[in-house]
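Order of listing sets the numbers, starting from 1, for every ligand and every atom in it.
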Amino acid sequence: MQILGIETSCDETAVAIVGEQKPRIRASLVLSQLTEHQRFGGIVPEVAARAHLAHLDLLASRALAEADVGWADIDGIAATGGPGLIGGVMVGVMLAKAVALARNLPFLAVNHLEGHALTARLTDDVPFPFLLLLVSGGHCQLLVVEGIGRYRRLGTTVDDAAGECFDKGAKLLGLGFPGGPAIERAAAKGDPARFPLPRPLKGRPGCDFSFSGLKTALRETVVTRGGTSALSEQDVGDLSASLQAAIGDSLVERTTHAIRKFHQQHHPTGSHLVVAGGVAANRALRAALSDLAAHHRLAFVAPPPELCTDNGAMIAWAGLERLKAGLADRLDFAPRPRWPLDPTAPKATGAGVKA
Ligand code: KG4
Ligand code: ZN
């Protein structure tokens, strides 16, 4: 079985072809729109949608050529159906529906977050149930992944996502966009102990996250030192290292609480801690989570960095798993700007809650 997967929910146009037999990824192309958005200092939804439209069909043809297959070899078309920037999602969904209709193939509308969640099964065949820390630009959640389409959320952010905190922090430090990789690079030369930054919610029960207080503390530190332009290279390195350490500590502390719950409810079947989403590319975080998992006798899986950030392979794989489970979608599927993995989870409460 081979699935073509399309990802267009944010600022990456991505197409991949993934099969059941290893090596599973036959082709995976990611076209970043970085230069298109850089001059605005962030992602502009309308610009993103137009860029997806301009490049997607060509990218799909190139993926087929790279995998050395034709449409006749494809068994299903998967596209991100949400959540995300709706203009871009519509572009991907429309191409997938058109091909599905023309070639009489199953269409799979994949939840982008399920794509991130199931990547550890694409790479490492992780068995259900597993504990997942999903950390990206728009999401920061702890979930028990019980099966395909079956998620139980243990915690979420009450304000910003971890990736957002990296991105806003980088902007404050004059490091540009996207912030995560820039902070990681600058932090390599920095001292994480020079500027003490808070660990929000530390010591509080539960698995929710908060990052807005940390962002404010960073801003205050920068302002006290005379603003972004007054920072020396050493200051930027030290502040980056402090921010990375504070975000990492918070993620680890909240994950510790989640491991306790996971053990209580799923011992001994649940044996894996998985991290996914763009922030999972961060090396310091991967190392800290690996130690945490070992301490709690869990196997740890972090997909390779290029499969942590947005890509088409994760969508193709989630589509493949869904097709095998008999979960193909109808062609009247409507793209969803919001699409929680666990619709039964209570709304997070706190300052600046986004739902
Ligand atoms: O999963 P993703 O590619 O897109 C979303 O679905 O949001 O995640 C993007 C986020 C951005 O906030 C980016 O700054 C962050 O992941 N990120 C990182 C690193 N690489 C990407 N954060 C920390 N360290 C990294 N190396
Ligand atoms: Zn993502």
I'd like to know if the side chain of Asp310 pairs up with that of His116 as donor and acceptor (distance under 3.5 Å, no hydrogens or angles considered).
yes
Does the side chain of Ser28 pick up a donor-acceptor pair with the side chain of Asn311 at under 3.5 Å?
no
Do you know which two heavy atoms are closest between Val301 and Ala120, and how far apart they sit?
CG1-CB, 3.8 Å
Examine Tyr151 together with Trp339 and report whether their ring centres are nearer than 6.0 Å.
no
Identity of the nearest option to atom 7 (O) of ligand 1, non-hydrogen atoms only, from Gly248, Gly137, Cys10, Ala161:
Gly137
Could you tell me whether His116 approaches ligand 1 through its side chain, its backbone, both or neither, with non-hydrogen atoms closer than 4.0 Å?
side chain
Residue, atom and distance of the protein heavy atom nearest atom 23 (C) of ligand 1 read Gly180 CA, 3.4 Å
Is it possible for you to say whether Val275 and Leu341 belong to one hydrophobic cluster, with membership spreading through side-chain heavy-atom contacts below 4.5 Å?
no
Check whether the side chains of Glu253 and Thr255 place a donor and an acceptor atom closer than 3.5 Å, and report yes or no.
no
Residue and atom name of the nearest protein heavy atom (relative to atom 24 (N) of ligand 1), distance in Å to one decimal:
Asn282 ND2, 3.0 Å
Please confirm whether the backbone N or O of Ala302 pairs with a side-chain atom of Arg286, one donor and one acceptor, at under 3.5 Å?
yes
N/O/S from His112 sitting under 2.8 Å away from the Zn ion (ligand 2):
yes
In terms of atom number and element, which parts of ligand 1 are under 4.0 angstrom from non-hydrogen atoms of Gly138?
7 (O)
So which of Met314, His112, Gln244 gets nearest to atom 6 (O) of ligand 1, if we judge by its closest heavy atom?
His112
Who's the nearest protein heavy-atom neighbour of atom 26 (N) of ligand 1, and how far?
Glu184 OE1, 2.7 Å
Proximal heteroatom of Asp310 relative to the Zn ion (ligand 2) (N/O/S)
OD1
Shortest non-hydrogen contact from Leu298 to Gly270?
CD2-O, 3.9 Å
If you have a sec, work out which protein heavy atom is nearest atom 13 (C) of ligand 1 and how many Å separate them, to one decimal?
Asp167 OD1, 3.8 Å
Got a sec: is His116 within less than 2.8 Å of the Zn ion (ligand 2) via an N/O/S atom?
yes
Just to confirm my output: which protein heavy-atom neighbour is closest to atom 4 (O) of ligand 1, and how far is it?
Asp310 OD2, 3.0 Å
Which residue supplies the protein heavy atom nearest to atom 17 (N) of ligand 1, what is that atom called, and how far is it?
Gly278 O, 3.5 Å
